[in-house]
Amino acid sequence: MALTWASAVVPGLAHWIAGRRRAAVVIFSIALALAVGAIVLALTTSRTDLLRMAVRPGWLTVVIVVALVIAVAWVVLVTGSYRVLGPVRQTGIAQAGVILALSVLSLLVAAPPVAVARYAYLQRDLVTNLFPDEDPNSGLAAGRDGGGTGEPFSGRDRVTILLLASDAGPDRTGTRTDSMVAASIDTHTGDVVLFSLPRNLQNVPMPPGALREQWPNGFPDLLNGVYQFVADQPHLLAGARDRGAAGIKSVVSYILGIPIDYYAMVNLEGFNDFIDAIGGVTINVTQRLPIGGLLADGTRVPPVGYLEPGVQHLSGTQAQWYARSRRDGTDYDRMLRQRCLIGAMVQQATPVNVLKHFQELSSATKKLAETDIPRSVLPDLISLGDKMHGGSTIRSLAFVPPVIHTANPDYAKIRRLVHQALTPKPASPASPASPAAPASSPTAAPTTSAAPRPSTSSAGTNQPAAGNGSPVDVKSACALG
């Protein structure tokens with residue numbers, strides 16, 4: 001039995017001792033080749049390349065099959081090693097002990113490859129169920145320009161994803177997108193600019209085409225109603241994976257004056273499951289926030305609790321209230337906190353953390369999220385995500401008062417501010433003869449800060465302010481550290 005256990009670590013050992021030298025050499029050579037191959041793969045393949053392979057269903061299928069074959073082969077090797085040594089036939093308690101020992105050893109050797117196969121199966125199931133086959137924007141996927149540069153989305157300077165959060169739930173009728181944030185990502189640096197649109201934006205112009213034909217004089221409701229209005233009109237955007245989402249994506253693109261490549265939407269009613277799946281999120285809560293206290297019809301009631309100020313690790317339910325609480329503030333305060341929450345999640349959702357909670361995260365994502373991001377661009381998004389974790393910046397611009405008045409928005413100004421935020425500002429060459437600018441100059445805007453910037457809202461929260469229409473750095477403004 002001792003030799004059998006040793007053979008599980010050094011394959012072929014039992015066969016060698018039993019005099020079956022040729023079989024021992026073959027077994028050992030196969031095991032050595034697999035081990036060397038795994039080591040070479042680990043040393044020559046970057047983490048980013050491994051993650052890129054982990055979003056390809058074909059590769060995942062190969063991993064599942066190979067892992068299961070290794071598991072079965074290892075169990076066969078264990079039992080075969082015991083038998084080839086010609087053990088004395090046992091009876092009674094001794095036989096039970098042998099069976100138990102072989103069973104435990106078989107479980108130990110099979111567990112690692114079976115775990116790999118299980119993770120690969122969960123990942124493949126997530127990729128194939130959440131992400132569609134078709135690409136709504138042909139030509140965006142990796143390598144389609146044929147340039148061979150190795151850069152994500154080669155040939156593109158920016159890729160923009162519309163992040164939506166809906167309020168659909170058992171106590172609500174229809175779906176309204178209460179959070180709308182367009183994340184524009186620089187494909188060269190990974191730097192991100194978040195454009196937040198308030199849900200109560202009025203006089204929304206419709207883009208040319210079917211939507212303008214339906215509402216030639218502008219949208220008759222608030223911006224967050226576009227999703228349900230389009231969904232209720234079967235003739236609008238027929239053939240789209242989600243007509244409501246396609247509608248709000250088109251409208252936001254027209255408002256901002258930039259292409260929106262993809263959208264990703266999560267249901268706020270189940271948002272707490274998603275946060276719990278990554279183990280919670282650490283946030284700097286800068287104001288005492290009530291939990292509850294406001295009914296769906298706007299009636300104020302006593303809150304059931306509070307989120308106290310300070311750096312806190314929030315559970316899913318707490319994070320949801322951090323993002324949604326507005327009893328003692330405004331929609332604009334809530335938008336600003338949502339940007340801080342996005343920044344914290346990007347910073348803290350590391351590959352190790354995701355892998356640690358992978359099963360819960362996969363299950364929650366399939367239930368709560370939907371997107372039109374095709375599988376073909378996932379490898380490029382992995383590369384962009386790696387750049388975002390490599391020291392890039394996340395800046396944010398919210399179109400709220402005093403920058404934009406939601407009842408009578410200046411849409412030309414919104415497009416102008418978006419263009420300015422996305423246009424690199426040329427550095428002014430310093431003149432040797434000119435004196436250094438004083439540190440207290442009112443025009444000097446610090447790029448980093450240890451404390452959150454003050455809000456301009458009536459609630460007085462210390463969150464990123466609307467300011468003069470210039471994007472603010474989310475990491476410093478939200479004190480993410």
Side-chain angles (χ1 to χ4, degrees), residues 129-138 140 160-183 195-271 296-298 324 331 335 338 366-374 399 404 406-412 414-415 418:
N129 279 281
L130 181 60
F131 301 96
D133 286 323
E134 68 277 5
D135 187 347
N137 309 291
S138 60
L140 280 180
T160 303
I161 302 175
L162 179 61
L163 308 176
L164 302 170
S166 74
D167 66 350
D171 61 335
R172 295 178 180 268
T173 302
T175 298
R176 287 183 174 264
T177 52
D178 275 359
S179 178
M180 293 161 282
V181 180
F195 298 109
S196 298
L197 290 168
R199 67 174 189 161
N200 59 337
L201 207 62
Q202 300 181 35
N203 304 320
V204 179
M206 294 288 102
L211 296 183
R212 181 174 293 181
E213 293 173 4
Q214 180 72 28
W215 297 291
N217 300 318
F219 189 61
D221 196 3
L222 305 180
L223 178 60
N224 69 341
V226 169
Y227 183 99
Q228 192 61 46
F229 270 68
V230 173
D232 289 340
Q233 303 288 334
H235 66 283
L236 291 178
L237 307 179
R241 181 180 175 91
D242 183 328
R243 292 186 301 103
I248 188 64
K249 173 181 166 183
S250 178
V251 171
V252 170
S253 175
Y254 189 65
I255 291 174
L256 300 178
I258 58 175
I260 301 291
D261 299 303
Y262 305 111
Y263 78 87
M265 183 167 70
V266 64
N267 183 347
L268 281 175
E269 286 297 318
F271 181 71
D297 60 1
R324 302 190 71 183
D331 279 341
M335 289 172 59
Q338 288 169 359
K366 285 192 299 181
K367 290 188 297 183
L368 309 172
E370 69 170 76
T371 182
D372 66 347
I373 298 174
F399 298 110
I404 296 295
T406 56
N408 187 26
D410 185 343
Y411 289 102
I414 290 178
R415 297 186 185 100
V418 170

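Given the structure is predicted, the values throughout are model-derived calculations rather than measurements.
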Is the side chain of [X] donor-acceptor paired with the backbone N or O of [Y] at a distance under 3.5 Å, no angle test?
X	Y	answer
Ser179	Leu164	no
Asp261	Thr160	yes
Gln202	Thr406	no
Arg243	Ala238	no

Quick one, Met206 with Val251, criterion side chain to side chain contact (heavy atoms under 4.5 Å, CB included). Give me CA distance, side-chain angles, the key distance, then yes/no.
CA-CA 6 Å; Met206 294 288 102; Val251 171; 3.8 Å; yes
Looking at every non-hydrogen atom in both residues, tell me the closest pair between [X] and [Y] and how far apart they are.
X	Y	value
Ser166	Met265	CB-SD, 4.2 Å
Arg199	Leu222	O-CB, 3.5 Å
Tyr263	Lys249	CD2-CD, 4.3 Å
Pro409	Leu201	CG-CD1, 3.8 Å
Tyr227	Gly244	CD1-C, 3.3 Å
Pro220	Phe229	CG-CE2, 4.1 Å

When rounded to the nearest 0.5 angstrom, what is the spacing between [atom1] in [X] and [atom2] in [Y]?
X	Y	atom1	atom2	value
Thr177	Gln228	OG1	CD	10.0 Å
Leu211	Leu236	CG	CG	6.0 Å
Thr175	Asp242	OG1	CG	8.5 Å
Ile255	Phe219	CD1	CZ	10.5 Å
Leu223	Met180	CG	CE	4.0 Å

Quick one, Glu370 and Arg241 - any side-chain contact, counting heavy atoms below 4.5 Å?
no
Hey, which of Val181, Val418, Val252, Ile414 is the one that makes side chain to side chain contact (heavy atoms under 4.5 Å, CB included) with Phe195?
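Looking at Val181, Val418, Val252, Ile414, the match for Phe195 under the side chain to side chain contact (heavy atoms under 4.5 Å, CB included) is Val418.
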side-chain hydrogen bond (donor to acceptor under 3.5 Å, both in side chains) assessment of Tyr411 paired with Asn203:
CA-CA 10 Å; Tyr411 289 102; Asn203 304 320; over 6 Å; no
Apply the test side chain to side chain contact (heavy atoms under 4.5 Å, CB included) to residues Leu197 and Leu256: give CA-CA distance (whole Å), side-chain angles for both, the deciding distance (0.1 Å), then the verdict.
CA-CA 9 Å; Leu197 290 168; Leu256 300 178; 4.2 Å; yes
Working for side chain to side chain contact (heavy atoms under 4.5 Å, CB included), residues Thr371 and Leu130
CA-CA 7 Å; Thr371 182; Leu130 181 60; 4.1 Å; yes
Residues that Asp221 engages under salt bridge (charged side-chain N to carboxylate O under 4.0 Å, His left out), provided they are two or more places apart:
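Partners of Asp221 under the salt bridge (charged side-chain N to carboxylate O under 4.0 Å, His left out) test: Arg176.
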